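Report on one structure; see the data block that follows.
Values in this document were obtained by computation on a predicted structure and should not be read as measured data. Numbers here are sequence positions counted from 1.
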Amino acid sequence: MAAFNLSPSGPSTFILAGISGLEAVHIWISIPFSVFYIIGLLGNFMVLFVVGKEQALHKPMYLLLCMLGLTDIATSTSVVPKALCIFWFNLKGITVGGCLTQMFFLHAVSVMQSAVLVAMAFDRYIAICNPLRYDTILTNARIAKLGLVGLIRTVLLVLPLPLLLSRQPFCANRIIPHTYCEHMAVAKMSCGDITVNRTYGLVVTFVVLGLDMLVVAFSYSLITRAVLRISSKRAHQKALNTCTAHICVMLMSCTFFLFSTVTHRFGQGIAPHVHIILANLHFLVPPMLNPIIYGVKTKELRDKMGKYICRR
């Protein structure tokens, strides 16, 4: 994507300060960052490879898992390489266009991931509450269409964020106290009125997340009701197991996302380095753990992955 047009009155570059107050230990902080990143990439690419190679896994559930893997890869890759450049080489400069582009991809991937989690909840609802019609309701073509709708929604909702900021005049102070270009961190660099930017950012965050979580909660309330009606203990356990991985992934992603968003706007009492580290963990921990959770909890995927790992 091309860099966004910039206000002529603004500076040409920003400075990403990294983790303020912990500059002396940047090199040590980079070790877990790079380890988490590599594990996340290996895990997600492994899932994509196995699902792509195994015809038996060409099912809606695993296509959705591939979508989640792609968003995980995009999430961490949008943040970690630049952060490691700051930690290792002290390369803190980033053009305003590059900053706005990074911000777009960061928030777009988060919104897209939320849409994928909603689709996964719907998939589990159909699988448990209407299993006889699962193959007719959820086909691979419909999953692809759901993914396209989620992508269009993402672009329409997130694109105004950098476009609104690109019209703002930026102050002489170009230092962003962060490792990446978060929306409100960049907005605070502006000398103009950012009320519209702040309001729109909050609306997108809470409307998208709120509506998506309501849909997920409603789906799982129906799933819970259906599971409680199952008389067979074995079938009861199997139904619960099919949902456990998705619930774990959803709770982990939402917890990190909400904490990062809320503390950046309202957490004045939290030390800056604590917020920055936790915000980065939002882009590191879920992408690392998601393939592990699904690999452990999903027997069919676990067996197929084991075949390739043991072969090597």
Side-chain angles (χ1 to χ4, degrees), residues 19 29-52 57 61-84 87 105-121 123-124 150 179-180 182 209 212-213 216-217 219-220 240-263 274-306 308-309:
I19 303 178
I29 294 173
S30 71
I31 295 174
F33 271 52
S34 54
V35 169
F36 289 177
Y37 179 55
I38 292 169
I39 293 173
L41 286 182
L42 290 175
N44 284 294
F45 275 120
M46 183 66 180
V47 170
L48 293 173
F49 172 77
V50 171
V51 173
L57 299 182
M61 174 182 173
Y62 296 105
L63 293 182
L64 288 169
L65 189 55
C66 286
M67 290 184 190
L68 183 66
L70 288 172
T71 62
D72 282 340
I73 292 168
T75 294
S76 54
T77 303
S78 296
V79 173
V80 179
K82 179 58 181 176
L84 292 179
F87 296 157
F105 279 109
L106 281 175
H107 294 287
V109 170
S110 294
V111 173
M112 185 65 196
Q113 189 173 66
S114 181
V116 172
L117 290 174
V118 171
M120 294 176 83
D123 170 79
R124 292 300 84 203
T179 57
Y180 61 86
E182 199 272 339
L209 190 66
D212 287 355
M213 290 307 101
V216 171
S219 296
Y220 273 99
L240 288 176
N241 284 339
T242 61
C243 300
T244 304
H246 181 240
I247 293 173
C248 292
V249 167
M250 183 186 65
L251 289 176
M252 180 174 57
S253 299
C254 291
T255 300
F256 276 106
F257 179 76
L258 274 177
F259 186 85
S260 176
T261 302
V262 172
T263 55
V274 173
H275 164 72
I276 295 169
I277 290 174
L278 290 174
N280 277 274
L281 289 178
H282 165 61
F283 296 106
L284 282 168
V285 176
M288 178 184 67
L289 293 182
N290 286 349
I292 297 173
I293 292 171
Y294 276 102
V296 170
K297 296 299 295 183
T298 310
K299 184 180 185 303
E300 192 174 8
L301 178 62
R302 182 174 69 244
D303 292 343
K304 298 296 184 182
M305 291 179 72
Y308 286 96
I309 293 170

Considering all heavy atoms of both residues, which atom of [X] and which atom of [Y] are nearest to each other, and what is their separation?
X    : Y   : value
L106 : S78 : CD2-CB, 3.6 Å
P291 : V47 : CB-CG2, 3.9 Å
T179 : K82 : O-CG, 4.3 Å

Contact between [X] and [Y] at the side-chain level, heavy atoms closer than 4.5 Å - yes or no?
X    : Y    : result
F283 : V109 : no
D72  : Q113 : yes
I73  : L48  : yes
K299 : D303 : yes
P81  : Y37  : yes
V249 : M120 : no
L41  : T77  : yes

Using a 3.5 Å distance criterion without hydrogens, assess whether the side chain of [X] forms a donor-acceptor pair with backbone atoms of [Y].
X    : Y    : value
N44  : P287 : yes
S34  : I31  : yes
D123 : A119 : no
S114 : S110 : no

Working to the nearest 0.5 Å, report the span between [atom1] of [X] and [atom2] of [Y].
X    : Y    : atom1 : atom2 : value
F36  : N280 : CZ    : CG    : 11.5 Å
L117 : S219 : CG    : OG    : 12.0 Å
L281 : M288 : CG    : CE    : 9.0 Å
T298 : M305 : OG1   : CE    : 10.0 Å
L301 : Y294 : CG    : OH    : 10.5 Å
I38  : S76  : CD1   : OG    : 11.0 Å

